[in-house]
Amino acid sequence: MSIIHVILSGGVGSRLWPLSTKERPKQYLPLFDDKTLFSHTVERNRPFCEQVIVVGNKDNYQLSREALDVIGLTDYTEIVEAAPRNTAAAIAFAAFSVAPGAVLLVTPSDHIISNEKAYSNAFKRAFQWAKNDYLVTFGITPHKAETGYGYIEYNGNEVISFREKPDIETATQFLASGRFLWNSGMFCFKARVFLEELAQYEPELFAAAHHAWQNQQGGFLPQFETLAIPSKSIDYAVMERSQRIKVVPATFEWYDLGSYEALWDYFEAKGHDHHFRANNMVLQTGQKHVELVGVDGLVIVETENTILVLPKSKSQEVKRVYDRLKG
């Protein structure tokens, strides 16, 4: 039974603007031991998977090619979306491209994961469930009341419910109960099982995605057909509705580096002191000299064209700035 790593690489990382931009999203920034998050993702999963499928978009597929070339991976499949249609469609394209019985390990391209043994064990447990026609999600044991992640209410390997990103009061209750995991956005299942569930719960999305796939050329999807696909996440389209769900509670160290607060926590935990000045984090890709006097708990981001200053606690609000400027 073949195991295929599906890398979702289409995000723009808007909560890490201006460090992350449409031209070079966060997963392609060499901030992590001089490697990109994309490269870490590929290398982390190579021991388990016989094949790699990269699902990206027309704005970043060249960056994926460059990253794969650097690490010497030449045998991979490329799927290039003409427009972003969220994760349900992206995963459907990967599932259409492989044998129905192939097991897909689906991961975002912007996570940092430590403890390879614990990660391997979690994958092995997920694979056993996937072989038995379950859709498996990975849940991360929370260590703080985080408002930037979705949550999974669980009992053993059973999923009781999926919860949207909570406010701080609700997140605190989740943490105290011991019944919730962070939703990692990582999945494992057979291509056939995922497509069956997608067709059952989202027949319009399934049909539109299949039509777009039938009109792809060399892995490049057509724009008109792509835009006809409803934009829905895999969680909303399938995982929250299917009766074939299992969760693997994971014990490996996991960072979803989607915000400046998450970056702060990661760099602090790993002893990357060069990013900190007193209790402030400074990230620079430009050449300006930055000094701080009498301030505390700030994130300062300096790029060639932009300076962003914010309290660490307001990291989730950066997306509003990105959306305002984009609009």
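Throughout, residue positions are numbered sequentially from 1 according to the sequence presented. Treat the numbers as computed from the prediction; the structure is a model and nothing was measured.
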Show the nearest heavy-atom pair for residues [X] and [Y], with the distance to one decimal.
| X | Y | answer |
| --- | --- | --- |
| A82 | K58 | O-CE, 3.3 Å |
| T141 | A250 | OG1-O, 3.4 Å |
| S64 | V54 | OG-CG1, 3.9 Å |
| V55 | A94 | CG2-CB, 4.3 Å |
| V136 | A130 | CG2-N, 3.9 Å |
| Y255 | A269 | OH-CB, 3.4 Å |

Taking NZ, NE, NH1 and NH2 as the nitrogens, is one of them in [X] or [Y] under 4.0 Å from a carboxylate oxygen of the other?
| X | Y | result |
| --- | --- | --- |
| R15 | E317 | no |
| E153 | R163 | yes |
| R85 | E81 | no |
| D235 | R241 | no |
| E253 | K270 | yes |
| R65 | D69 | no |
| E146 | K165 | no |
| E43 | K35 | yes |

Determine, using the 4.5 Å side-chain heavy-atom cutoff (strictly less than), whether [X] and [Y] are members of one ILVMFWY cluster.
| X | Y | value |
| --- | --- | --- |
| V290 | F276 | no |
| V282 | V309 | yes |
| I152 | V238 | yes |
| I53 | Y61 | no |
| L68 | I4 | no |

Is the shortest side-chain heavy-atom distance between [X] and [Y] below 4.5 Å?
| X | Y | value |
| --- | --- | --- |
| K190 | D133 | yes |
| N57 | V80 | no |
| P18 | N305 | no |
| V6 | L8 | yes |
| L283 | I300 | no |
| Y260 | L19 | yes |
| R44 | T41 | yes |
| E204 | P230 | yes |

Mark yes when over 12 heavy atoms from residues, nucleotides or ligands other than [X] sit less than 6.0 Å from its [atom1]; otherwise mark no.
| X | atom1 | value |
| --- | --- | --- |
| E268 | CD | yes |
| Q173 | CD | yes |
| D75 | CG | no |
| Q214 | CD | yes |

Do F194 and L135 pass the side-chain contact (heavy atoms from CB on, under 4.5 Å) test, and can you show the C-alpha distance, the side-chain angles, and the key distance before you say yes or no? CA-CA 7 Å; F194 172 73; L135 303 174; 4.3 Å; yes
Step-by-step side-chain contact (heavy atoms from CB on, under 4.5 Å) determination, V159 to E240: CA-CA 9 Å; V159 174; E240 296 178 9; over 6 Å; no
Return yes if some donor-acceptor pair links the side-chain N/O of [X] with the main-chain N/O of [Y] below 3.5 Å, else return no.
| X | Y | answer |
| --- | --- | --- |
| N60 | S9 | yes |
| Q217 | F220 | no |
| N280 | L298 | yes |
| S242 | M239 | no |
| D167 | T170 | yes |
| S109 | F38 | no |
| N115 | A118 | yes |

Go through D265 and K312 one step at a time and tell me if the salt bridge (Lys or Arg N to Asp or Glu O under 4.0 Å) criterion holds. CA-CA 10 Å; D265 291 345; K312 171 188 175 184; 3.6 Å; yes
How long is the straight-line distance from [atom2] of [Y] back to [atom1] of [X], given to the nearest 0.5 Å?
| X | Y | atom1 | atom2 | answer |
| --- | --- | --- | --- | --- |
| L198 | I91 | CG | CD1 | 9.5 Å |
| L105 | F187 | CG | CZ | 11.0 Å |
| I3 | C49 | CD1 | SG | 6.0 Å |
| T226 | L221 | OG1 | CG | 4.5 Å |

With no hydrogens and no angle check, do the side chains of [X] and [Y] hold a donor and an acceptor under 3.5 Å apart?
| X | Y | value |
| --- | --- | --- |
| T77 | Q51 | yes |
| N86 | Y236 | no |
| Y28 | S20 | no |

H210/F96 aromatic ring centres below 6.0 Å: yes
Assert yes or no for the condition that the ring centre distance of F138 to W254 is strictly below 6.0 Å. no
Hey, which of F174, Y149, F180 is the one that makes side chain to side chain contact (heavy atoms under 4.5 Å, CB included) with P166? F174
Partner of T137 under side chain to side chain contact (heavy atoms under 4.5 Å, CB included), picked from N183, V248, I234, is N183
Under the ring pair (Phe, Tyr, Trp, His ring centres under 6.0 Å) rule, what do H272 and W264 come out as? Steps first, then yes or no, please. CA-CA 10 Å; H272 292 191; W264 182 307; over 10 Å; no
Can you name the residues that form a salt bridge (charged side-chain N to carboxylate O under 4.0 Å, His left out) with E302, not counting sequence neighbours? K288
Run the numbers on S39 and V70 for side-chain contact (heavy atoms from CB on, under 4.5 Å), then give the verdict. CA-CA 9 Å; S39 297; V70 166; 5.7 Å; no
Could you walk me through whether F48 and H5 pass the ring pair (Phe, Tyr, Trp, His ring centres under 6.0 Å) test, one step at a time? CA-CA 8 Å; F48 321 124; H5 182 201; 9.0 Å; no
